[in-house]
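Please read these numbers as outputs of a predicted model, since none were measured by experiment. Remember, it's 1-based here, ligands and their atoms both numbered in the order they're listed.
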Amino acid sequence: MPAAGVDSQMTLVRTVGEVRAIVAKWRAEGLSLALTPTMGALHEGHLSLVRRAGSLADRTIASIFVNPSQFAPHEDFSSYPRREAEDLALLKAEGCDLVFAPSAEEMYPEGFQTSVSVASISQGLCGASRPHFFGGVATVVCKLLNQVRPDFAVFGEKDYQQLLVIRRMVRDLDMPVEIIGAPIVREEDGLAMSSRNAYLNADERRKAGALNKVLAKMAERLARGDDVGETIHFARTALGDAGVASIDYLEVRNALTLESAGSGALTAPSRIFAAIFLGKTRLIDNWPVEPAWQHAPR
Ligand code: AMP
């Protein structure tokens, strides 16, 4: 019998001990496990990861934890949306087997003093504007992977740099889990779904719809061989014209190493990365781009 439950099909637990007991039982039955870590306020993007997890393993586990260590004091930790009852209903409808929703005290008990830091891939992009962020993410994901010990853990490409940071951590620390990246789920106008989209007023929401369209146009231009610098300039102007007054970053980087694409035409599979502010809300998005076919030198 589950220790605490939403119903007989989905169990909700709040302690590491309870997770371990359930996981040990499943392991003893020879079942495979897939974990989807989230901060809750779930939308279709999160649920697509849960479905992916369900397609990979016998049992799916989702975690809901708004992780204080990845927020700076001036950021939105206290106002971040928390909708646990709705989240549990959504997860249950997806057939999720176990939800782990610990308290901050359970994850960071008194005396906690360890952190995981993944060096160069955490630098630049979100790591530049949120210097505390990837340390907090790597530490909490490392803990969740140790607590659950899943065969698979599913992360969205929406947070592409985060996905690479976690892949690097898992490789570097020999963690026995396969990290799965899942595509970005978008609203009808192409805006990447995000729990933070709820912060936008009607005017900001309209402007937010421009971001993905500008990234798509950039990808088109880069794929036909346009200069990287000129394409970024074009995109900055296009975003300004759409009413996006504050761009945190807009960059083109190697899709695997995150090295800057430099100037001229692209020479390697790349990714366009953007973060913008609309009012106080910071939105991120990214877009894949393949280089134009290059003539072999004669
Ligand atoms: P969060 O709750 O924002 O920490 O996100 C939890 C997971 O959901 C992360 O792996 C995110 O990359 C992923 N995610 C968030 N939004 C989307 C989206 N629109 N499409 C796909 N995955 C997403």
Side-chain angles (χ1 to χ4, degrees), residues 34-56 60-71 75-77 79-84 86-88 90-91 94 96 99-102 104 107 122 125-127 130 132-145 148 150 152-170 177-200 205 208-209 211-212 215-216 271 273-275 281-288:
L35 171 69
T36 306
T38 81
M39 297 205 300
L42 302 181
H43 50 65
E44 194 50 38
H46 297 112
L47 300 179
S48 74
L49 307 187
V50 174
R51 283 196 281 278
R52 183 70 179 275
S55 74
L56 291 164
T60 62
I61 301 150
S63 60
I64 300 177
F65 181 59
V66 185
N67 175 33
S69 74
Q70 69 192 64
F71 290 79
E75 292 181 342
D76 57 342
F77 175 71
S79 58
Y80 195 85
R82 288 164 173 86
R83 296 196 293 261
E84 192 181 86
E86 290 97 318
D87 290 346
L88 294 176
L90 290 167
L91 289 169
E94 292 300 338
C96 182
V99 179
F100 178 40
M107 289 299 265
S122 296
L125 303 173
C126 286
R130 305 184 70 194
H132 52 282
F133 178 69
F134 287 119
V137 167
T139 302
V140 81
V141 172
C142 184
K143 282 173 67 71
L144 287 166
L145 293 175
V148 176
F152 305 94
V154 188
F155 294 86
E157 290 183 348
K158 159 85 182 352
D159 300 275
Y160 191 89
Q161 187 179 15
Q162 168 176 288
L163 172 63
L164 295 191
V165 165
I166 289 160
R167 278 196 205 285
R168 187 75 258 166
M169 172 186 78
V170 160
V177 58
E178 190 175 330
I179 301 300
I180 307 293
I184 302 175
V185 176
R186 297 177 179 280
E187 303 284 359
E188 236 168 68
D189 66 346
L191 174 64
M193 288 191 181
S194 164
S195 308
R196 290 192 169 97
N197 291 349
Y199 297 155
L200 301 171
R205 174 63 189 83
L211 179 59
N212 72 91
L215 298 189
R271 204 100 189 170
F273 295 93
T281 307
R282 184 170 175 280
L283 301 179
I284 60 171
D285 200 351
N286 66 83
W287 206 276

Distance-minimising heavy-atom pair for [X] and [Y]:
X      : Y      : value
Asn286 : Tyr160 : ND2-CB, 3.6 Å
Leu91  : Leu42  : CG-CD1, 3.6 Å
Phe134 : Gly127 : CE1-N, 3.5 Å
Asn67  : Val137 : ND2-N, 4.2 Å

Considering the options Arg282, Gln70, His132, which one meets the side chain to side chain donor-acceptor pair (under 3.5 Å) requirement together with Glu75?
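Result: among Arg282, Gln70, His132, His132 is the only option passing the side chain to side chain donor-acceptor pair (under 3.5 Å) with Glu75.
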
Drop me the distance from Glu94's CD to Ser48's OG, to the nearest 0.5 angstrom.
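It comes to 9.0 Å.
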
Measuring from each atom of ligand 1, which residues have a heavy atom under 4.0 Å away?
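Close residues (ligand 1, cut-off 4.0 Å): Pro37, Thr38, Met39, His43, Gly45, His46, Leu49, Tyr80, Phe155, Gly156, Lys158, Asp159, Gln162, Pro183, Ile184, Val185, Met193.
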
